[in-house]
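This report concerns only the one structure given below.
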Amino acid sequence: MTTPTIGVLALQGDFAEHIEMLRSLGVDSIEIRLPAQLARIDALIIPGGESTTITRLLDIYALREPIQQLGLDGLPIWGTCAGAIVLAKEATDLDRPNLALMDITVRRNAFGRQRDSFEEDLRIPELGEEPFHAVFIRAPIIERVGAEVEVLATLADGTIVAAREGALLATSFHPELTGDARFHAMLARWVVGRRS
Amino acid sequence: MVATNERPQQASPGSNGGAAATGTWTVKSGLAQMLKGGVIMDVVTAEQAKIAEEAGACAVMALERVPSDIRKDGGVARMSDPDLIAGIIDAVTIPVMAKARIGHFVEAQVLESLGVDYIDESEVLTPADEAHHIDKHQFKVPFVCGCRDLGEALRRISEGAAMIRTKGEAGTGNIVEAVRHMRALWDGIRRLQNMPEDELFAAAKELSAPHELVKYVHDHGKLPVVNFSAGGIATPSDAALMMQLGAEGNFVGSGIFKSENPEKMARAIVKATTHFRDAAIIADVSRGTGTAMKGLEIGSIPANEILSTRGW
């Protein structure tokens, strides 16, 4: 069996940080800018960035439909921050089509402007005892989750900031900025599970 | 209840006993990470801001006049009217940046209170202090600053800049200074990278920059913050050129709304910035963009009207 390759959508945003995290785990990755590059991936990461920019470029380069199809076929897809907005069935304040794959409603810029961006330790049982240091930058929140969606992390007031539906994963924050590779390792495990 | 315009109630961080930290270095430099691979466009009205957002800009710079008009009009260029900035903040959902004069920390305080997402301490405005830049560590809002070479970049970072842009020569539509500054920056980085560690102390002195930052560049072969290009980009090829020379994204000022077809030019520059290594795509997006802004030969600008020499 060949080693898995994780695609990282490289239209705009902090895709290089995701690639670096995957490299630290010894996982191969490729940058995805055009549809042909989707052919050989075993999972996809949609990075942080500007969701309006990323959704526009998804359409211009005809990536939206092929990625939607891969998602429907069960390809593991993880969106961080803007990526979670791109992944969600519903996103408030986003006036253009996104992937609409994951049964969640996401509210953009839910904490306010940049001066309200923050970092905080979260308890995420799925990842073990050690708290996860989460960086929220003009972050969205998950306002609604569908029946099949499992909540992975909340703030103390109950605000949902990480969730999973099958092989789809959404985080409001940026694990790629902290050096803690536990989410990336989880995605890599899903790939192996799916292939074996 | 008549307040139809009311903002939705905001989610609240830090309810784990006040553990949330705002305005940290990670969230300040982190926003710049999110802008990477994108184009930040100068806009002077809410309508232009919407056009920029629709074209795929990753942020807008709100100002009263684009640099080419500042150059033409002369006089003292200052922070923009708060009404104009607030109007642009309301018009778009992408981050909004605004410029403060070099050293004018009160303009920066005003911009922070308006909720601007990034402050550009900019040589395009008339400097307010000829000896000191703003102490940017005192702010929760992050700053971007211009540089012409590595020393200038590291001095700005030591003052708290969370993002750097090479200066170029704003408002000229001439890429030559942007190229000069980007090459100078990377030349400085490569020199440090190849330098034995015991020579870094003298290098720090020569660069007038803290040893700790010099050591970071030596160890990592890059700046500790994101670096964009600015000052002179007028075509999709210009944008891709700066990316291939090592920029992580582009600021485009007069180049968009002073071109014949701003909407088309904006889209083309966004695409060329994403696909900066793909000549076929750059060729394709360059078709029919209309006339780019009329450029200025640098040699024809009187020495006292050169913007990039402001700041040090």
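None of the values given here were measured: they were computed from a predicted structure. To find a chain, count down the sequence lines: A is the first, B the second, and so on, and within it residues start at 1.
- Formation of a donor-acceptor pair under 3.5 Å by the A/Gln12 side chain with backbone atoms of B/Met34 is found in this model.
- Counted within 6.0 Å of CD on B/Gln244, heavy atoms from surrounding residues, nucleotides or ligands total more than 12; the atom is thus considered enclosed.
- Taking every heavy atom of both residues into account, A/Glu50 and B/Cys58 meet most closely at CG-O, 3.1 Å.
- Here the side chain of A/Thr53 pairs a donor or acceptor atom with the backbone of B/Gly56 at under 3.5 angstrom.
- For B/Glu112, the part sitting under 4.5 Å from any heavy atom of chain A is the backbone (N, CA, C, O) and nothing else.
- Most heavy-atom pairs under 4.5 Å with chain A, from the set B/Ser29, B/Ser113, B/Gly249: that is B/Ser113.
- Of the atoms belonging to B/Val96, heavy atoms from both backbone and side chain fall under 4.5 Å from chain A.
- Contact of A/Arg123 with chain B is not made at all, since no heavy-atom distance falls under 4.5 Å.
- Contacts of A/Arg108 with chain B are made by side-chain atoms alone, with heavy-atom separations under 4.5 Å and no backbone atom involved.
- For B/Ala32, no part lies under 4.5 angstrom from a heavy atom of chain A.
- For A/Arg138 (side chain) and B/Leu31 (main-chain N/O), no donor-acceptor pair under 3.5 Å exists by modelled atom type.
- In the displayed structure, B/Phe105 atom CZ is contacted under 6.0 Å by at most 12 heavy atoms of other residues, nucleotides or ligands.
- Counted within 6.0 Å of CD on A/Glu150, heavy atoms from surrounding residues, nucleotides or ligands total more than 12; the atom is thus considered enclosed.
- Ranked by heavy-atom pairs shorter than 4.5 Å toward chain B, the options A/Ile54, A/Leu11, A/Ile60 are led by A/Leu11.
- Interface remark: B/Ala55 contributes backbone atoms only to the contact with chain A (heavy atom separation under 4.5 Å).
- Listed here is the closest heavy atom pair of B/Val27 and A/Gln114: O-NE2, 3.0 Å.
- No donor-acceptor distance shorter than 3.5 angstrom exists from the side chain of B/Glu53 to the backbone of A/Thr52, with no hydrogens or angles considered.
- Only the backbone of A/Phe136 has a heavy atom closer than 4.5 Å to any heavy atom of chain B.
- Salt-bridge check for B/Lys36 with A/Glu17: passed, with a basic side-chain N closer than 4.0 Å to an acidic carboxylate O.
- When the shell of 6.0 Å around NZ of B/Lys222 is examined, it contains 12 or fewer heavy atoms from other residues, nucleotides or ligands.
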Q: Please test B/Thr26 against A/Ile137 for side chain to side chain contact (heavy atoms under 4.5 Å, CB included), starting from the C-alpha separation and ending with a verdict.
A: CA-CA 9 Å; B/Thr26 304; A/Ile137 297 174; 6.0 Å; no

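- Proximity of a side-chain donor or acceptor of A/Arg115 to a complementary backbone N or O of B/Pro142 within less than 3.5 Å is not detected.
- Contacts with chain A were tallied for B/Gly115, B/Gly37, B/Gly38; B/Gly115 has the most, counting heavy-atom pairs under 4.5 Å.
- A/His174 is not listed as a side-chain neighbour of B/Gln33, based on a closest heavy-atom distance of 4.5 Å or more.
- Per-residue heavy-atom pair counts under 4.5 Å with chain A were compared for B/Lys271, B/Lys140, B/His275, and the maximum is reached by B/His275.
- The candidate with the highest count of non-hydrogen atom pairs below 4.5 Å against chain A, out of B/Val226, B/Leu35, B/Val39, is B/Leu35.
- Options A/Arg33, A/Arg96, A/Glu119 differ in how many heavy-atom pairs under 4.5 Å they form with chain B, and the most are formed by A/Glu119.
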(Q) Show, in sequence, the C-alpha distance, side-chain angles and deciding distance for B/Ile281 and A/Tyr61, and conclude whether the side chain to side chain contact (heavy atoms under 4.5 Å, CB included) test is met. (A) CA-CA 10 Å; B/Ile281 287 183; A/Tyr61 290 99; 3.5 Å; yes

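- The choice from B/Gly30, B/Pro95, B/Ala57, B/Gly23 that makes the most heavy-atom pairs within less than 4.5 Å of chain A is B/Pro95.
- In plain terms, the two heavy atoms of A/Asn109 and B/Thr93 that are nearest each other are ND2-O, 3.2 Å.
- Under a 3.5 Å cut-off, the side chain of B/Thr22 and the backbone N or O of A/Asp116 do not form any donor-acceptor pair.
- Ionic pairing of B/Asp117 and A/Arg113 is present here: one or more N-O contacts between side-chain nitrogen and carboxylate oxygen are shorter than 4.0 angstrom.
- No more than 12 heavy-atom neighbours from other residues, nucleotides or ligands sit within 6.0 angstrom of CZ on A/Arg40.
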